[in-house]
Amino acid sequence: QAFSRRWYYAQLRCRKMDAHVSPDLDSIEKILSDAKDELSLLSESKNDFATAPRKLELQKRIAAAEADYFSTILFSSPWHSAEKQSYIKTFAEMTLPGKAMAVSALLLALQELFDEHKLSFLMELCQSGEAQVSMRALTALLLLLLQHDARLKHCPSLQAQLSLLLDGPALRSRLPMIYAQLL
């Protein structure tokens, strides 16, 4: 849509015209990994006063990389399976707030454009060991199922993944809480 006034398409158009290219997943993953490694080394230091400025700088780099990851998900075209694996690999390097933000990016992206691999990734995140991530992913999944329910019958792999997810005990205990919050 060349002249859409909707925010998503306006941002997509600006990103295509912008000369500044956002970093790829490999560089985002490297930034996150290197910053986390350096932060763990700095946390072992006894002199917090000397290391505080560097820690702050590294935390800003991590936040910027996670924001780039959010934008990359939000404005990405439909994924193929290898690309999904790259997103999963980068996701593993993120902090908890970054992971929660990435789930929100998946929700927003899937509301604009149905993508089997993104929805599959979201379903995998529903089983995350981190409660904030899994609850947000479940909430996003419920909202997306309302919107894309008719499309699921054309994706047998998603139907199978959803059936396995619905049979899980963790979901049974969380669904009533999510429904109550949505209402």
Side-chain angles (χ1 to χ4, degrees), residues 7-8 10-77 79 82-112 115 117-144 170-171 173-174 177-178 180-182:
W7 177 86
Y8 178 82
Q11 292 298 315
L12 192 59
R13 201 171 44 251
C14 289
R15 288 176 60 86
K16 286 181 181 179
M17 291 187 304
D18 192 5
H20 171 4
V21 177
S22 62
D24 64 350
L25 287 176
D26 292 333
S27 61
I28 292 172
E29 181 186 356
K30 181 160 177 38
I31 290 168
L32 290 169
S33 177
D34 291 349
K36 282 173 56 178
D37 290 345
E38 191 173 342
L39 271 174
S40 67
L41 287 174
L42 289 174
S43 67
E44 295 172 6
S45 172
K46 303 235 186 273
N47 189 352
D48 285 338
F49 185 73
T51 59
R54 181 65 183 156
K55 285 181 183 177
L56 183 61
E57 181 183 328
L58 289 170
Q59 289 168 344
K60 286 180 181 179
R61 289 182 73 194
I62 289 171
E66 290 174 345
D68 287 339
Y69 184 77
F70 177 92
S71 296
T72 302
I73 289 175
L74 182 58
F75 298 111
S76 63
S77 55
W79 297 349
E83 196 172 14
K84 176 186 166 192
Q85 294 308 314
S86 296
Y87 277 95
I88 290 171
K89 188 177 172 191
T90 304
F91 184 86
E93 292 294 327
M94 298 177 69
T95 64
L96 183 59
K99 288 177 180 181
M101 190 169 65
V103 172
S104 298
L106 282 168
L107 170 64
L108 294 171
L110 285 163
Q111 284 180 325
E112 291 297 330
D115 179 0
H117 293 292
K118 288 178 190 171
L119 192 57
S120 173
F121 182 30
L122 184 66
M123 286 185 200
E124 290 173 20
L125 294 177
C126 290
Q127 297 172 333
S128 171
E130 298 165 310
Q132 186 176 358
V133 173
S134 64
M135 290 295 285
R136 190 175 289 219
L138 281 168
T139 305
L141 181 62
L142 290 175
L143 293 171
L144 290 167
L171 185 66
S173 64
R174 292 179 175 165
M177 187 174 14
I178 292 170
Q181 289 178 351
L182 287 174

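Using a 4.5 Å heavy-atom threshold, the side chains of Met177 and Met135 count as touching. Looking at heavy atoms from C-beta onward, Leu119 lies in side-chain contact with Leu141 at the 4.5 angstrom threshold. Put simply, the side chain of Met101 reaches to within 4.5 Å of the side chain of Glu66, judged on heavy atoms. No side-chain heavy atom of Ile31 sits under 4.5 Å from any side-chain heavy atom of Asp68. Side-chain contact between Phe70 and Leu108: present, with at least one pair of heavy atoms (C-beta onward) separated by less than 4.5 Å. Proximity of Leu39 to Ile62: side-chain heavy atoms (C-beta onward) are separated by under 4.5 Å at one or more points.
The distance from atom OG1 of Thr72 to atom CD1 of Ile28, rounded to the nearest 0.5 Å, is 4.0 Å. With rounding to the nearest 0.5 Å, the separation of CG in Asp26 from CD in Glu29 is 6.5 Å. Here Gln132 contributes atom CD and Leu96 contributes atom CG; the two are 4.5 Å apart, rounded to the nearest 0.5 Å. A distance of 10.5 Å separates CG in Leu106 from OG in Ser120, rounded to the nearest 0.5 Å. Between the CZ atom of Arg61 and the CZ atom of Arg54 there is a distance of 6.0 Å, given to the nearest 0.5 Å. Put simply, CE on Met123 and CG on Leu138 are 11.0 Å apart, with the number rounded to the nearest 0.5 Å.
Judged by distance alone, with hydrogens and angles left aside, the side-chain atoms of Thr90 form no donor-acceptor pair with the main-chain N or O of Tyr87 at under 3.5 Å.
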_side-chain contact (heavy atoms from CB on, under 4.5 Å) for Leu182 and Leu143? Distances and angles first, verdict last._
CA-CA 9 Å; Leu182 287 174; Leu143 293 171; 4.2 Å; yes
Practice prompt. Check the pair Lys60 / Glu57 against salt bridge (charged side-chain N to carboxylate O under 4.0 Å, His left out), numbers first and verdict last.
Written response: CA-CA 5 Å; Lys60 286 180 181 179; Glu57 181 183 328; over 6 Å; no
### Task
With side-chain contact (heavy atoms from CB on, under 4.5 Å) as the test, would you mind laying out the steps for Leu58 and Leu42 before giving the verdict?
CA-CA 10 Å; Leu58 289 170; Leu42 289 174; 3.7 Å; yes
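Closest of all the heavy-atom pairs between Arg136 and Ser104 is NH1-OG, 2.9 Å. When all heavy atoms of Met94 and Ala102 are compared, the closest pair comes out as CE-CB, 4.5 Å. Lys118 approaches Ala109 most closely through the heavy-atom pair NZ-CB, 4.2 Å.
Within a 6.0 Å sphere centred on NZ of Lys30, other residues, nucleotides and ligands contribute 12 heavy atoms or fewer.
A search for side-chain hydrogen bond (donor to acceptor under 3.5 Å, both in side chains) contacts involving Ser27 returns Asp24, not counting sequence neighbours. By the side-chain hydrogen bond (donor to acceptor under 3.5 Å, both in side chains) test, Glu124 is found to be paired with Lys84, residues two or more places apart in sequence or in another chain being considered.
Ring geometry for Phe91 against Tyr69 counts as tilted: the plane angle lies between 30° and 60°, on a 0 to 90° scale.
In the model, Lys99 has no side-chain atom that pairs as donor or acceptor with a side-chain atom of Ser128 under 3.5 Å.
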